[in-house]
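Here the structure comes first, spelled out in structure tokens, and everything after it is commentary.
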There are 6 protein chains.
Amino acid sequence: MNMFLTISFFIFSLLSLSHASVVDFCVADYNAPNGPAGYSCKTPKKVTADDFVFHGLATSGNTTNIIKAAVTPAFDAQFPGVNGLGISIARLDLAGGGVIPLHTHPGASEILVVVQGTICAGFVSSDNVVYLETLYKGDVMVFPQGLLHFQINSGGSNALAFVSFSSANPGLQILDFALFKSDFPTELITQTTFIDAVVVKKLKGVLGGSG
Amino acid sequence: MNMFLTISFFIFSLLSLSHASVVDFCVADYNAPNGPAGYSCKTPKKVTADDFVFHGLATSGNTTNIIKAAVTPAFDAQFPGVNGLGISIARLDLAGGGVIPLHTHPGASEILVVVQGTICAGFVSSDNVVYLETLYKGDVMVFPQGLLHFQINSGGSNALAFVSFSSANPGLQILDFALFKSDFPTELITQTTFIDAVVVKKLKGVLGGSG
Amino acid sequence: MNMFLTISFFIFSLLSLSHASVVDFCVADYNAPNGPAGYSCKTPKKVTADDFVFHGLATSGNTTNIIKAAVTPAFDAQFPGVNGLGISIARLDLAGGGVIPLHTHPGASEILVVVQGTICAGFVSSDNVVYLETLYKGDVMVFPQGLLHFQINSGGSNALAFVSFSSANPGLQILDFALFKSDFPTELITQTTFIDAVVVKKLKGVLGGSG
Amino acid sequence: MNMFLTISFFIFSLLSLSHASVVDFCVADYNAPNGPAGYSCKTPKKVTADDFVFHGLATSGNTTNIIKAAVTPAFDAQFPGVNGLGISIARLDLAGGGVIPLHTHPGASEILVVVQGTICAGFVSSDNVVYLETLYKGDVMVFPQGLLHFQINSGGSNALAFVSFSSANPGLQILDFALFKSDFPTELITQTTFIDAVVVKKLKGVLGGSG
Amino acid sequence: MNMFLTISFFIFSLLSLSHASVVDFCVADYNAPNGPAGYSCKTPKKVTADDFVFHGLATSGNTTNIIKAAVTPAFDAQFPGVNGLGISIARLDLAGGGVIPLHTHPGASEILVVVQGTICAGFVSSDNVVYLETLYKGDVMVFPQGLLHFQINSGGSNALAFVSFSSANPGLQILDFALFKSDFPTELITQTTFIDAVVVKKLKGVLGGSG
Amino acid sequence: MNMFLTISFFIFSLLSLSHASVVDFCVADYNAPNGPAGYSCKTPKKVTADDFVFHGLATSGNTTNIIKAAVTPAFDAQFPGVNGLGISIARLDLAGGGVIPLHTHPGASEILVVVQGTICAGFVSSDNVVYLETLYKGDVMVFPQGLLHFQINSGGSNALAFVSFSSANPGLQILDFALFKSDFPTELITQTTFIDAVVVKKLKGVLGGSG
């Protein structure tokens, strides 16, 4: 077919969009209701390239804390462009001796790539098998959804990794926070774990929990 | 790592939630729009433990009716906590001679457990094979999504079962109601089933349908 | 059970719908927010049979254009009844010599049935294998999600086909429009394809793009 | 970038496919096990264009039968190319007076387009609302998953429609067959529907069921 | 339409099943490979009603143990009929003082109904809010996927509950087993939780772990 | 509850795994059939930590080619641990002037993080809007599923990025390869794009296609 018909034009009634629909993406509109599938969509006409870009992972999180680590997320609550797309990302910074404590992501599997440093990482399966590995720069590890896992800086210097998730909203349950930073009653923790009340109370004291 | 640094504290910038997001659940807000994935989410700050509990299945449904049975549902429309979680439940009470008439759940598979009594249950597959079983206390039966099935009290005394569904909104299409309690025109029913018009009209009379 | 109890009636508390829920479908309400799962649902009481019917594919699209073809869609943006149901449809009209240019559907697989005429169709896989076939009246072809494909009228007379999609919102990316009808900068197109700037500019001229 | 470097070549290690993977499609291999997601995949090297084409809908099904209609399916069991793609199609032929009896598709929503003739179609929702419409050539109707529906030829001449489904394996439960063509015991049918035993037995006689 | 044409018969070529397909269900074949969607399907001809029934929840699990409780599952690994249906169930027996220790289900949400006794149950969300409730006979509670939760018998006598899951394969990670019954190295547990090595070793001694 | 009953032990019949099931993950068994959901699962007993780690992204791909770039994937075909987990990753190396040509991922959305250098990236939506951005170290960009996108090294030195996908098997269709490296007949390309036959043939010559 000859395309040099300069005077021709065509009407391609491909999409008679009587109603502005969300076709390829659904940038989060934080001012509208959200539902099980995510946030409502920003009007397409108001969407710009900036909605698909996130700058917040460009600098290290603050690792001057007790765990000498920081996690900086770009989930749907921070990064409107990922809403409904089934993907998100976060940055892990671990200073020397730094630790990302034992935690789970209820809503997603995680894939980690080491950008700098050395990281000892692992997860535990439902049948209590522990999978541990030391990861060097460029190494990748995957953590199946919902399983307890951790990362530790096992090198001398700062470590940096990026972790991606199979959901825009993976969730994050940090074991210690759930137990000792919350107001989960000590008596119930003792009954439902093998941890003595004295220990529980001490840890609640450290982490600022109550109960 | 020693956790007894009582004077220490840490900043864990794990979730810089600039926008209240729904992370783990989405308790139904009945006052907001709903969509294909379910109801909009109640603001997390307003969520309480009561949202995750449902008391309505604690007592028997009223079985003094023609089928001597009752089904009491806890679907997303009744039980806001299940919204978007892919699960729901209902209570089946069958008095002596009671029957849950032939029906389908368009949106979910069903799993039943007998708590009391004896229940004859069954379903029909797409290729017209009938799967029947008599279920005693503690027995479990699964009914694949969308297939016609029923339960009958085949013991002498009251029977009680709980049924769970693989959706917060399984739907329920009762064959007789669809045909004879509705205003489905008799002529069309006759044409599209093998049921004579006289029979159809009689049944419509019993069930209160029209057409 | 004897159904000739004409004076009997029953109360079947099957669905104590305290809150109008969407059980089987979710007809699009274009005036409410939409989200990743689709549009919000029209109030069930306002739903009529007309919501589930679409008349717009009854007549040929206008094929007096440069490609001598037209596509008339019934996606969720046009046909509210398909919202959230995972299905949609469109009509393809190809006059003699007509062509549906190379395109993809990011969101769905497509199935085509030829109603009239002869259509040469094909798609390319991720590993660059081309699958071509000449389709006659009644023939069906399936195009996997996201892959480049096309249809050409290879007979002498008008061709007509209906195409269905595995989503209410399949999306449509027409290669030429994406490159030459948009404002995609020529320099970038040249860098990211093997197409010379002169050719790009010529095509932009034909299609009305800029950059 | 100049692409006219005829002596150049490049190595694009995009997909180091050490193991033949299924990337875009999974043509059914009927000789291997199948699972909840569909059939196993045919080895990609053995896949041809013919796997994506189905000719079986090109001619009318045989309508010289009691319902004066025929449905010819192209589901995954017949059409290997649709396996795992979430879509399938069938052809409906209705001679004058023809009827597709009341039925459901447990696994998919359905979209119908009338190619010839006039069809009266309808479905019943979970809350017993009947949605009826007369469809003319080119009209489209959608039937939500799992709900009872039917089609009747309401014109004088042959009617033809194509129906697509939101699954490669929609299933099909024909009400009359499930009850009267099967060996569903008459006593149980009577108990679980409002249909008298005499009527049931008569219908079983017509349809060839037992019990 | 008159159905009393006793000499008539019809040919309904609805499903030309050239290849035995799994249409409505996929009963697990434990002898064939399994994949991400579940087990391979048993040949439909070999499927019986017994495949859809499970008797193992009919009697109490053995609660003469340290937690005075037992969980008896009917997941896809035990109950072949649920394979691929998105649902499963288990029985919880809690003797007086019994406890189901803190655990998660990585793959599913859970819904619990109390059949007998009184149960104190709760879960912790990703943002460390604890949701606690005392449940009486007939009460229902839902536990969102992946979150830590527990049940305790808070009455004097035996308690019994049934729990259903939104997956045929919900998984189960018991916190104490993951840490103290496994060979998770003590040093790593200490680093990644706020639990002192002495405490860890003691608990490993009790539970039989190593490392 | 006192956990210091050293002589006690318990039987926790939590998972009576009569049949080795895949509970949390499904490491790919390349020797077994695969299906629409992915590869069959390796026997759990044979799974090791190494299955969840991938070392292949540790070094730069070979960028001494015409596009001065390389993509090294860790999809399910290379990295067995991601099978069925809904996530995968790849490494992008762009030397000075390097380009990842225009391409799509039919099966997944993509999220990119720049580790080193400066990258100009963009995608085109279904309605031909172009979203372009210059990304610096630490910047993240998301590319919705199925849409044409590209990356260009817009800095002077080597650029490195990691890209993650919302599927273990995202697919990859490179526009130029699909058209000019394949045996897609020139005549058909001309008819279905706005590219003149002379140009097509020249590009086929460069890329090694035929037809």
Side-chain angles (χ1 to χ4, degrees), chain A residues 66-67 97 99-109 120 122-130 132 144-152 169-185 187-189 191-196 198-200 202-204 206-207 209 211, chain E residues 66-67 97 99-109 120 122-130 132 144-152 169-185 187-189 191-196 198-200 202-204 206-207 209 211:
Chain A
I66 201 172
I67 57 166
V99 171
I100 307 292
L102 212 57
H103 65 283
T104 67
H105 303 287
S109 295
C120 167
F123 70 89
V124 192
S125 70
S126 271
D127 37 357
N128 309 314
V129 177
V130 183
L132 298 171
Q145 178 168 339
L147 298 181
L148 282 165
H149 60 285
F150 69 91
Q151 292 90 12
I152 291 175
N169 183 9
L172 170 58
Q173 180 151 68
I174 303 168
L175 178 58
D176 287 309
F177 284 28
L179 299 184
F180 309 122
K181 194 183 187 192
S182 66
D183 60 357
F184 201 155
E187 171 63 17
L188 289 179
I189 298 177
Q191 282 185 271
T192 60
T193 69
F194 291 89
I195 303 170
D196 211 38
V198 171
V199 176
V200 172
K202 182 187 302 180
L203 291 163
K204 278 187 176 285
V206 171
L207 276 156
Chain E
I66 200 172
I67 58 167
V99 171
I100 306 293
L102 212 57
H103 64 283
T104 66
H105 302 287
S109 293
C120 167
F123 70 88
V124 192
S125 70
S126 273
D127 38 358
N128 308 314
V129 178
V130 183
L132 298 173
Q145 180 169 338
L147 297 181
L148 282 166
H149 61 286
F150 69 90
Q151 292 90 12
I152 291 174
N169 183 8
L172 169 58
Q173 180 152 67
I174 303 170
L175 178 58
D176 288 309
F177 283 30
L179 300 185
F180 310 122
K181 194 183 186 189
S182 66
D183 59 358
F184 202 155
E187 171 64 16
L188 288 179
I189 297 177
Q191 283 186 272
T192 61
T193 68
F194 291 90
I195 304 171
D196 211 39
V198 172
V199 176
V200 172
K202 183 188 301 180
L203 290 163
K204 278 187 177 285
V206 171
L207 278 157

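A note on names: the letters A, B, ... follow the listed sequences, proteins ahead of strands, and every chain is numbered from 1.
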Of the listed A:Leu179, A:Asp176, A:Leu148, the one with the largest count of heavy-atom pairs under 4.5 Å with chain E is A:Asp176
Under 4.5 Å to a heavy atom of chain A? For E:Ile152 that would be side chain
*Passes side-chain contact (heavy atoms from CB on, under 4.5 Å), E:His149 versus E:His103? Steps please.*
CA-CA 6 Å; E:His149 61 286; E:His103 64 283; 3.1 Å; yes
Turns out that what part of A:Pro144 lies under 4.5 Å from chain E's heavy atoms comes down to neither
In this structure, CZ of E:Phe194 is separated from CG of A:Leu175 (nearest 0.5 Å) by 9.5 Å
Step-by-step side-chain contact (heavy atoms from CB on, under 4.5 Å) determination, E:Val199 to A:Asp196
CA-CA 9 Å; E:Val199 176; A:Asp196 211 38; over 6 Å; no
Value for CD (A:Gln145) from OG1 (A:Thr104), rounded to nearest 0.5 Å, stands at 9.5 Å
Honestly, the part of E:Ile189 sitting under 4.5 Å from a heavy atom of chain A is neither
